[in-house]
Amino acid sequence: MPREKFKTLTEQMFYILLCLKNECYGMDILDRVPAMTQGRVNVGSGTLYNLLEQFLEEGMIRETKVEGRRRSYILADKGREMLEKEYRRICAQAVDYIQVFGEEET
Amino acid sequence: MMKETKRVFLLHAFYDRTGIREYLEAQARKGWLLDRISSFGWILRRIEPRELHYEVTYFPKASAFDPEPLEQQLAFQDFCEHTGWQLAAANGQLQIFYNERQDPTPIETDAVLELETIHKAVKKGYLPSILLLMAVSIMNAGLFFYRLSLDPIGIFSSTTNLFTGLCWFLSLLLSSVDVLHYFRWYRRARRAAQTDGSFVETKSLWGFQIVILVIMIIGLVGLLLSLGGNRQWILYVVTLGILLFGMVLCVGFSNWMKRRKVSAKWNRALTLGFSVLAGFGICGVMLIYVLSGIRHGWLDREPTEGYLYNDQIYLAHQEDPHQSELPLTVETLMGRSERDMEKYTYQWFVEESLLMGEFQGYQHSRRDHLGEPGMEYTMLWFRWPLLYDVCLKHLMQPRHSYSVDIYGNIIYDEYKAVEAAPWGAQEVYRLYHGDYAKDQYLIGYEDQIIEIEVDWELTEEQMTMITEKLKK
């Protein structure tokens, strides 16, 4: 079933938004995400560029600085809300998982 | 000395990122790196053979008319460079990167997003062009079939007409298959991306395109060979040259606008305007050339002879290199051996294709000897037996020449069956205007049809002679 845009966040979207809790250059996210996830998650440069454009359009992030072609961004309220919603969803999934497999193991 | 650059013409579709990538990676292993993409092919330059990773990306906001890369495009390229992706070449919405690292993170890691980007780029430039080509091909193929319905003999006997029809048909086939292929892939790719996040690789159509190209080349070679000693090949070569010149002119104009930093919007509009004007200009030049050619006899199959009458030059003699003599003349039917060049003009034309041939012979009295009996005849011979019935049916259609009787009924010229025995044929028809029999006959043999019109009532002897002289 096709996913509605930003109804749930992919792993890449989640970590990009997480990186923007504090002001950050767009390009630096390319290094921060793999560092944060011990190399488990990598974001392609093209994917990052397009997602930043889309987050900006949706008002999930906002531009804070423009230095030539280097731009920095920070999470906006809407982005924070969506991140929190996704976090709660993942937590609910984790709880459900423990309830099912946790019982078997005990 | 080894060449440092080479020019290649890729048959891959605009959206065929997998095929393009695989091709360029193979070239890198052979020691060639993509240097730039021009309007007349892709240029590769020599490097040490190595393993390189290529990625084909699309930037929908860009245009082939941009005077320079957009700021956003440069920002995109900066992002890519950060992870080791170097820009090899860009043209319009297409951007191609290469990476020397062993296992680089791909530029696109989200299949849904990548597909959206490709589709946006395809909708902006590639799809409108292909759909326009498809529409033009449908129109021209339709016109071809319409002309075929009106004049099957002229179409089937002419290699030029058949080749033109073939080209439009192949163009329609190619563009339709391309559009269907794209949407088929896009539907599958979108389903996969949305379901499990995977990217469905594109598949090339180059095998199919090669077949189409080979068929076209065979057709073109067949066309040029069919011209033989005919000087009309000059017309084809000059036409091709003028078309290529026109293309170079329009591309040159657009590039000149880019160098002058004209915006993409204005460049597109002015290039379109220039192309339309150049198109009219080229058509005008070609028309002048063709008319001059006709006037001076440059395009004649053979030099013609003329005669002077009342201060005007009239055609006396015109022959076709495929046939050295008129097979049948009025003099022969009248029992005379020599041609009467003082009284008659003689013309004959041959048109032949893989499917059938047509010979047209004309003999009419000169203007200074009006009143001499004349003759016209057409011989058709068929390599494809099915065409016999098609052409006979066409020739049997009621003629345009008609009159109206005292009751207001329209009377057409129509062929009616007559005795075939004197002709030694399988079927013979004579043209009638109402009840009045004209001296025009349609004679059907096994694989040949002859239509003959004379200015006198034929005797049975003459009918037999006509069959002897004209039946192949």
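Below, chain A is the first sequence line, B the second, and so on; all start at residue 1. Every heavy atom of this structure was used, including side-chain atoms; hydrogens, water molecules and symmetry mates were not.
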Checklist entry - Given the rule in the side chain to side chain donor-acceptor pair (under 3.5 Å) test, do A/D28 and B/H82 qualify, once you have shown the distances and angles that lead to the verdict? => result CA-CA 9 Å; A/D28 292 345; B/H82 190 81; 5.2 Å; no

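- Surrounding CZ of B/R184 are at most 12 heavy atoms belonging to other residues, nucleotides or ligands under 6.0 Å away.
- By the neighbour-count criterion of 12 heavy atoms within 6.0 Å, atom CZ of B/R260 is sparsely surrounded, having that number or fewer from other residues, nucleotides or ligands.
- Relative ring orientation between B/F59 and A/Y49 is described as tilted, the plane-to-plane angle lying within the 30° to 60° band.
- Around atom CZ of A/R80, no more than 12 heavy atoms belonging to other residues, nucleotides or ligands sit under 6.0 Å away.
- Shown here for B/T105 and A/V43, the closest heavy-atom pair between the two residues is CG2-O, 4.1 Å.
- The CZ atom of B/F79 sits 5.0 Å away from the CG atom of A/L48 when rounded to the nearest 0.5 Å.
- Side-chain atoms of B/D78 and A/R70, non-hydrogen and from C-beta on, never get closer than 4.5 Å to each other.
- A/N50 is not listed as a side-chain neighbour of B/E114, based on a closest heavy-atom distance of 4.5 Å or more.
- In B/F40, the CZ atom is crowded: over 12 heavy atoms of neighbouring residues, nucleotides or ligands sit closer than 6.0 Å.
- In the displayed structure, B/K261 atom NZ is contacted under 6.0 Å by more than 12 heavy atoms of other residues, nucleotides or ligands.
- A pairwise comparison of heavy atoms in B/T109 and A/T47 identifies N-OG1, 2.7 Å as the closest pair.
- Within the 4.5 Å cutoff, side-chain heavy atoms of A/Q54 are placed close to those of B/E116.
- Contact of B/T57 with chain A is not made at all, since no heavy-atom distance falls under 4.5 Å.
- Here the OG atom belonging to A/S45 is positioned 11.0 Å from the CD atom belonging to B/Q77, to the nearest 0.5 angstrom.
- The contact between B/L113 and chain A is made entirely by side chain atoms (from C-beta outward), counting heavy-atom distances below 4.5 Å.
- In this structure, B/K61 and A/E53 have side chains that are in contact, with non-hydrogen atoms separated by less than 4.5 Å.
- Counting non-hydrogen atoms of other residues, nucleotides and ligands closer than 6.0 Å to CZ of A/R62 gives a total of 12 or fewer.
- With a 4.5 angstrom heavy-atom cutoff, A/L52 touches chain B only via side-chain atoms.
- Applying the 6.0 Å contact sphere to CD of B/Q102 captures no more than 12 heavy atoms from other residues, nucleotides or ligands.
- Residue-environment remark: NZ (A/K85) stays at or below the threshold of 12 foreign heavy atoms within 6.0 Å.
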